[in-house]
Amino acid sequence: MNIESLLQEKISAGAELLFGYKPEITQLQLQQTRKEFEGDLTLVVFPFVRFSKKSPEETAVQLGNYLVEQVPEVEKFNVVKGFLNLTIGTSYWIALLQEAFRNENYGLKPVTDASELVMVEYSSPNTNKPLHLGHIRNNLLGYSLCRILEANGKKVVKTNIVNDRGIHICKSMYAWQQWGEGKTPQSTGIKGDHLVGDFYVMFDQQYKKEIAGLVAQGMTPEEAENQAPSILAARELLRKWEAHDEETVGLWKMMNGWVYEGFDQTYKELGVDFDKIYYESETYLLGKEEVLRGLEAGIFYRREDGSVWADLTAEGLDQKVLLRSDGTSVYMTQDIGTAKMRFDDYPISKMVYVVGNEQNYHFQVLAILLDKLGYEWGKGLYHFSYGMVELPSGKMKSREGTVVDADDLMVEMEEVARKMGEELGKLQGLSEEEAARTYKMIAHGALKYFILKVDPRKNMMFNPEESIDFNGNTGPFIQYTHARIQSVLRKAAESGLEISGAIPPALQLETKEKELLKTISLFPAVVEEAGNAYSPAVMANYCYELVKEYNQFYHDHSILGETNADQRNFRLALSVSVVNILKHGMGMLGIELPERM
RNA sequence: GCCUCGGUAGCUCAGUUGGAUAGAGCAACUGCCUUCUAAGCAGUAGGUCAUGGGUUCGAAUCCCGUCCGGGGUACCA
């Protein structure tokens with residue numbers, strides 16, 4: 001049992017004994033003591049005053065005395081106003097360090113056969129253009145979330161649904177037919193997804209030109225948008241595709257193939273992967289039977305024109321169309337079918353969708369509809385909703401070319417990392433290959449940490465000139481600290497030092513040592529919180545706190561230069577524990593740690 | 001209009017199950033490398049936590065109003 005729960009129980013019992021009132025364990029506020037005060041854990045006693053009928057100070061003193069008597073771990077206490085500051089004895093902290101040092105998986109919950117299986121959908125790209133910074137946020141959040149869930153003892157199926165069909169794909173296809181001159185990724189040397197994206201942009205330019213021309217001839221903008229020759233041609237391609245026209249399907253397959261090759265490269269570079277990939281071309285007809293079943297059961301209703309609707313006004317929402325008057329499906333219909341298929345495919349207990357917050361309404365409705373259709377898991381669908389990435393120039397738009405391309409960004413960052421590294425001259429002993437690997441690690445660390453440290457729900461600002469930093473609250477700062485520790489550990493090994501878990505329980509601890517140890521002690525709770533809150537940001541900010549704490553300790557105290565062997569061993573064990581935690585914590589963010597930098 | 005999310009230092013962000021004097025980083029200024037990696041450490045300066053009320057012993061945090069911003073509200077996906 002950890003110290004917090006132990007204290008909560010004792011405090012509850014103590015309050016009953018002293019004041020005749022037994023508070024609920026959950027309503028006891030036990031928090032980390034602020035650094036400017038003496039103590040480790042603090043109990044806010046104001047809530048007890050009502051029952052103790054004494055001043056806050058007196059109440060705190062009574063409780064403090066009780067705890068010192070009853071709980072061996074509580075060494076002493078002090079009272080400031082209504083705050084009872086408890087000092088936990090050194091032996092407790094030493095034991096905690098031993099656990100963090102000896103247990104590779106300190107703070108993690110084991111995944112077993114009995115673990116809950118969760119499916120996480122993320123990425124979900126369209127196959128008509130390359131990935132940009134917005135997709136990067138999605139991919140990093142999705143991947144990180146999976147790692148965090150695993151750390152919390154869940155089994156995870158990472159899945160991706162590729163939006164590989166529809167009018168947007170046909171636009172690129174039409175443009176390639178018109179102006180492609182048979183170009184391929186091989187013939188041009190252009191990455192497949194970029195090549196296809198270029199044709200998508202080409203289409204849009206032509207389309208706009210045609211609209212302008214038609215409007216000049218007197219059409220309304222809406223008429224022009226619907227009657228421009230290029231959009232008619234794209235629609236015709238979509239019709240042929242749906243009719244399984246051989247030539248059209250062949251073209252579609254070829255161009256999608258190019259895109260997949262490109263995506264695979266980008267995913268690999270980003271370090272994300274999937275266990276199962278769904279394709280919209282194979283799922284877009286699903287869901288219709290479900291809707292018809294709901295119609296028969298009276299859950300949905302049909303309008304005069306034949307369209308099928310759900311009435312959600314009782315839930316405070318609107319009417320939602322589920323089948324068009326011509327009987328065809330809409331997005332929502334598909335998602336109903338896809339969700340059902342997934343629960344049929346896998347014994348999952350939960351489905352998480354990593355999708356931008358512009359879809360909040362959609363997923364709210366989806367959960368309600370599935371619940372109405374009688375699926376007990378319907379209400380349990382979780383929309384992991386995240387905000388968009390904004391640029392100083394405003395929103396990113398693929399068609400207008402105002403995007404930060406994922407591939408370009410990673411290359412640029414690597415160059416910056418290399419330039420910086422070479423200036424500092426830290427990697428001189430390494431081979432070119434090793435150095436390149438390290439620069440890549442640093443560049444990716446900077447990007448991933450930058451994206452993941454902010455609260456996923458919020459929109460975030462990305463300024464290409466200023467955002468990517470390698471100092472301060474950044475990924476490289478954490479990576480650097482890791483490399484620094486590894487350097488110390490290497491030197492320790494060179495001089496034949498064995499690091500041992502046998503640490504005298506009465507060892508005198510320096511302030512910085514204890515602060516660091518306290519931060520280490522928080523890791524299990526942080527893992528849990530990140531899992532409960534679905535928040536990589538919680539983990540990212542913790543890792544930063546931890547290395548900040550370590551650097552202060554490192555600055556103030558020599559490790560290898562310490563002459564007291566127990567003290568030196570203790571400091572080495574601290575260092576090893578920090579490495580352990582960083583490996584897992586940063587691993588949950590998909591960030592690798594270099595041995596030197 | 002309605003729904004929803006947000007507004008914290010010049011900038012980018014933490015802190016929000018109510019707790020002590022609101023924290024980091026960047027940018028600016030000042031110190032610290034003959035000693036384990038200075039991508040570090042220490043310090044100075046920078047705040048009416050959008051705003052007005054309310055609840056409370058106590059509010060950045062909870063409630064109500066107002067202002068500003070994002071998103072949604074299609075027989076698009």
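- Within 4.0 Å of A/Val44, counting heavy atoms only, lies at least one base atom of the nucleic acid.
- Among the protein residues, A/Thr481 comes within range of no part of the nucleic acid, since none of its heavy atoms lies under 4.0 Å from any strand.
- Checked against the 6.0 Å centroid criterion, the rings of A/Phe384 and A/Tyr353 do not qualify as a close aromatic pair.
- Contact check for A/Ile231 versus A/Asn226: no side-chain heavy atoms found under the 4.5 Å cut-off.
- With a cut-off of 3.5 Å on both Watson-Crick or G-U wobble distances, the partner of B/G46 is given as none.
- A donor and an acceptor atom sit less than 3.5 Å apart, one in the side chain of A/Thr42 and one in the base of B/A20.
- When rounded to the nearest whole Å, the span between NZ of A/Lys320 and C1' of B/C76 equals 10 Å.
- Applying the 3.5 Å distance criterion, the base of B/A20 shares a donor-acceptor pair with the side chain of A/Asn85.
- Annotation: B/U16 and B/A28 have their C1' atoms spaced 31 Å apart (nearest Å).
- Separation of the P atoms belonging to B/A9 and B/U37 is 39 Å when rounded to the nearest angstrom.
- Contacts of A/Asp455 with the nucleic acid, taken as non-hydrogen atoms under 4.0 Å apart, involve only primed sugar atoms and P, OP1 or OP2.
- Among the heavy atoms of the strands lying under 4.0 Å from A/Ile442 is at least one base atom, whether or not backbone atoms are also near.
- Comparing the same atom, P, in B/C62 and in B/G19 gives a spacing of 10 Å after rounding to whole Å.
- Taking every side-chain heavy atom of A/Glu390 into account, B/G70 is the closest of B/G70, B/C41, B/C13.
- Separating the C1' atom of B/C49 from that of B/G15 is a span of 11 Å, rounded to the nearest Å.
- Side chains of A/Asn256 and A/Asp164: a donor-acceptor N/O pair is absent below 3.5 angstrom, by distance only.
- The shortest heavy-atom contact between A/Leu28 and A/Gln8 is CD1-O, 3.2 Å.
- Across all strands, A/Phe83 comes closer than 4.0 Å to base atoms (heavy-atom distances).
- Here the C1' atom of nucleotide B/A24 and the CD atom of A/Glu549 are 13 Å apart, to the nearest Å.
- Look at NE2 on A/His557: it is 16 Å from C1' on B/U35, rounded to the nearest Å.
- For B/C68, the glycosidic angle deviates from 0 by more than 90°, giving an anti base.
- Residue A/Met597 is classed as a base contact, given a heavy-atom separation below 4.0 Å to a base.
- Ring centroids of A/Phe523 and A/Tyr542 are separated by less than 6.0 Å, placing the two rings close together.
- Of all nucleotides present, none satisfies the Watson-Crick or G-U wobble test against B/C36 with each distance under 3.5 Å.
- For the pair A/Asp318 CG and B/U73 P, the computed distance is 10 Å after rounding to whole Å.
- Taking atom P on both nucleotides, B/A24 is separated from B/U44 by 11 Å, rounded to a whole Å.
- Distance, A/Arg137 CZ to B/C13 C1': 12 Å, rounded to whole Å.
- As judged by a 4.0 angstrom heavy-atom cut-off over every strand, A/Tyr361 is placed among residues touching the sugar-phosphate backbone only.
- The base-pairing partner of B/C62, taking Watson-Crick or G-U wobble contacts with both distances under 3.5 Å, is B/G54.
- Contacts of A/Lys426 with the nucleic acid, taken as non-hydrogen atoms under 4.0 Å apart, include base atoms.
- When the side-chain nitrogen and oxygen atoms of A/Arg457 are compared with OP1 and OP2 of B/C5, none of them lie within a distance under 4.0 Å.
- Which of B/U21, B/C36, B/G71 sits closest to the side chain of A/Ser558 comes down to B/C36.
- For the C1' atoms, the distance linking B/A77 with B/U73 amounts to 16 Å, nearest Å.
- The side chain of A/Met388 sits closest to B/G71 out of B/A24, B/G71, B/A39.
- For A/His555, whose side chain is taken as the heavy atoms from C-beta onward, the closest listed nucleotide among B/A20, B/C13, B/G40 is B/G40.
- A/Lys458 comes within 4.0 angstrom of a nucleotide base, judged by non-hydrogen atoms across all strands.
- Atom NE2 in A/His383 sits roughly 12 Å away from atom P in B/G72 (whole-Å rounding).
- Among the protein residues, A/Tyr554 comes within range of the nucleic acid bases, having at least one heavy atom under 4.0 Å from a base atom.
- A/Glu36 comes within 4.0 angstrom of nothing in the nucleic acid, heavy atoms only.
- Taking atom CG of A/Asn357 as the reference point, atom P of B/C5 lies 11 Å away to the nearest angstrom.
- B/G31: Watson-Crick or G-U partner is B/C41, with both key distances under 3.5 Å.
- Atom OH of A/Tyr550 and atom CG of A/Leu516 lie 8.0 Å apart (nearest 0.5 Å).
- Rounded to an integer number of Å, the gap from CZ of A/Arg50 to C1' of B/U56 is 12 Å.
- Map A/Glu545 and A/Tyr331 each onto its nearest nucleotide of RNA chain B; the residue landing nearer the 5' end is A/Glu545.
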Using the salt bridge (charged side-chain N to carboxylate O under 4.0 Å, His left out) rule, take A/Asp204 and A/Lys171 through it: C-alpha gap first, then chi angles, then the decisive distance, then the call.
CA-CA 8 Å; A/Asp204 200 59; A/Lys171 289 177 179 177; 5.5 Å; no
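- For the pair A/Arg239 and A/Glu236, the salt-bridge criterion is met [side-chain N within less than 4.0 Å of a carboxylate O].
- As rounded to the nearest Å, B/U12 and B/G18 have P atoms that lie 29 Å from one another.
- Across all strands shown, the partner of B/C67 is B/G7, judged by Watson-Crick or G-U wobble contacts whose two distances both fall under 3.5 Å.
- Atom P of B/G54 sits at a distance of 12 Å from the matching atom of B/A59, rounded to the whole Å.
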